[in-house]
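In what follows, residues are counted from 1 in the order of the sequence shown.
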Amino acid sequence: GRPRILANIAAGEARRRWPSNRVVAAIRAALHTSPGSVVVVMAPPDELEEAGRIARDAGAHAIVPGLRDAFALVATADVVFTPDTSIAHAASAFTKPSVVMMIGGSAIFEPYETPGRFVYSPGPTLESLEAQPVIDALVPVVQAASGDRARRASTPQQLRPAKDEL
């Protein structure tokens with residue numbers, strides 16, 4: 001199957017919002033790195049229009065899930081790309097490779113033992129974080145996830161013995 005990348009734009013507060021044009025650039029870089037990946041841009045209801053613009057400009061899909069569906073999207077993603085929100089911590093709970101954008105000086109809030117990368121803003125908001133450091137973090141995480149997915153697809157599945165063989 002194709003790698004699944006979940007790009008969360010919900011930030012909860014303005015200082016954790018990353019500019020849309022940079023989200024587009026990061027998604028495009030991920031798709032260039034792993035052609036054929038499926039990217040879903042996840043947003044809260046009040047950001048559906050923005051999620052649609054980002055998805056259209058980046059070649060992705062937009063969705064506004066409820067909480068249960070949001071966690072299901074995290075659980076089934078190969079990579080999660082998000083500002084530091086509950087979605088980053090859900091990715092940690094599911095041990096999903098993640099690229100989490102953090103406000104500088106907030107290392108204490110890093111999701112616990114999460115595979116992937118944390119990228120810190122140089123200023124007090126994520127708007128101060130340029131696209132290139134995020135792309136530089138996202139590309140190797142997507143490459144690793146794509147390789148993992150390809151290895152899983154080429155490995156024969158273990159067959160369970162029939163009941164009478166037990």
Side-chain angles (χ1 to χ4, degrees), residues 1-13 15-44 47 51 54-55 58-63 65 67 69-123 125-153 155:
R2 299 179 303 175
R4 295 173 297 220
I5 302 167
L6 178 62
N8 175 44
I9 65 167
E13 57 187 13
R15 67 189 187 107
R16 288 188 287 163
R17 185 168 319 283
W18 203 45
S20 296
N21 64 318
R22 297 179 199 166
V23 175
V24 169
I27 292 170
R28 285 179 177 166
L31 288 170
H32 180 75
T33 297
S34 181
S37 291
V38 175
V39 180
V40 174
V41 178
M42 182 169 70
E47 294 182 46
I54 290 168
H61 308 277
I63 188 168
L67 183 60
D69 290 335
F71 287 152
L73 286 165
V74 171
T76 58
D78 294 303
V79 174
V80 177
F81 167 52
T82 182
D84 177 29
T85 65
S86 59
I87 294 302
H89 296 279
S92 180
F94 290 113
T95 320
K96 292 298 176 174
S98 305
V99 173
V100 181
M101 297 173 290
M102 309 275 298
I103 292 173
S106 63
I108 194 169
F109 298 111
E110 282 183 0
Y112 183 69
E113 293 189 8
T114 303
R117 308 262 176 103
F118 300 103
V119 185
Y120 287 90
S121 67
T125 69
L126 286 185
E127 190 171 0
S128 67
L129 179 59
E130 294 299 326
Q132 199 57 54
V134 176
I135 291 169
D136 291 346
L138 185 59
V139 164
V141 173
V142 169
Q143 286 173 329
S146 297
D148 290 347
R149 183 167 261 284
R151 279 189 294 284
R152 284 193 311 268
T155 303

Original post:
For Ala11, does its backbone N or O pair with a side-chain atom of Arg16 as donor and acceptor, under 3.5 Å?
Top reply: yes
Original post:
Do Pro115 and Thr95 come close enough that some side-chain heavy atom pair is under 4.5 Å?
Top reply: yes
**OP:** Would you name the heavy atoms of Ala137 and Val99 that are closest together and state the gap between them?
**Re:** O-CG2, 3.9 Å
Original post:
Considering all heavy atoms of both residues, which atom of Ala26 and which atom of Ile135 are nearest to each other, and what is their separation?
Top reply: CA-CG1, 3.8 Å
Subject >> Nearest heavy-atom neighbours spanning Val134 and Glu130 >> reply: CG2-O, 3.9 Å
Original post:
Is there side-chain contact between Arg22 and Pro19, with at least one heavy-atom pair below 4.5 Å?
Top reply: yes
Original post:
Atom CD1 in Ile27, atom CD1 in Ile5: separation rounded to 0.5 Å?
Top reply: 8.5 Å
Original post:
So, the side chain of Trp18 versus the backbone of Leu129: is there a donor-acceptor pair under 3.5 Å, distance only?
Top reply: yes
Original post:
Would Ile103 and Thr125 satisfy side chain to side chain contact (heavy atoms under 4.5 Å, CB included), going step by step from the backbone distance to the final call?
Top reply: CA-CA 6 Å; Ile103 292 173; Thr125 69; 5.6 Å; no
Subject >> Leu126 backbone acceptor or donor facing Arg15 side chain under 3.5 Å >> reply: no
**OP:** State whether the side chain of Asp78 and the backbone N or O of Ala145 hold a donor-acceptor pair below 3.5 Å, judged by distance alone.
**Re:** no
Original post:
So do the side chains of Pro3 and Val142 get within less than 4.5 Å of each other, counting heavy atoms only?
Top reply: no
Original post:
Less than 4.5 Å apart, any side-chain heavy atom of Val23 and any of Ile9?
Top reply: yes
Original post:
Is it true that Glu47 and Arg17 make a salt bridge, defined as a side-chain N closer than 4.0 Å to a carboxylate O?
Top reply: yes
Subject >> Residues, nucleotides or ligands: over 12 heavy atoms within 6.0 Å of Gln143 CD >> reply: yes
Original post:
How far apart are the closest heavy atoms of Val80 and Ala77, and which atoms are they?
Top reply: CG2-CB, 4.1 Å
Original post:
Is the backbone of Val74 close enough, under 3.5 Å, to the side chain of Lys96 for a donor and an acceptor to pair up by distance?
Top reply: no
**OP:** State whether the side chain of Thr85 and the backbone N or O of Ile87 hold a donor-acceptor pair below 3.5 Å, judged by distance alone.
**Re:** yes
**OP:** Look only at the side chain of Ser121 and the backbone of Gly104, and say whether a donor-acceptor pair between them is shorter than 3.5 Å.
**Re:** yes
Subject >> Any donor-acceptor N/O pair, Ser146 side chain to Ala144 backbone, under 3.5 Å >> reply: no
**OP:** Look at the side chain of Ser34 and the backbone N and O of Leu31, then say whether any donor-acceptor pair between them is shorter than 3.5 Å.
**Re:** no
Original post:
Can you tell me how far CG of Asn8 sits from CG of Asp84, rounded to the nearest 0.5 angstrom?
Top reply: 11.0 Å
**OP:** State, to 0.1 Å, how close Val141 and Ser98 come at their nearest heavy-atom pair, and which atoms those are.
**Re:** CG1-N, 4.4 Å
**OP:** Calculate, to the nearest 0.5 Å, the distance between atoms OH and CE belonging to Tyr120 and Met102 respectively.
**Re:** 4.5 Å
Original post:
Is the shortest heavy-atom distance from the side chain of Phe81 to the side chain of Met101 under 4.5 Å?
Top reply: yes
Original post:
Is a side-chain N or O of Ser128 found less than 3.5 angstrom from the main chain of Gly123, in a donor-acceptor match?
Top reply: yes
Subject >> His61 vs Val38, side chain to side chain contact (heavy atoms under 4.5 Å, CB included): CA-CA, chis, key distance, verdict >> reply: CA-CA 8 Å; His61 308 277; Val38 175; 4.1 Å; yes
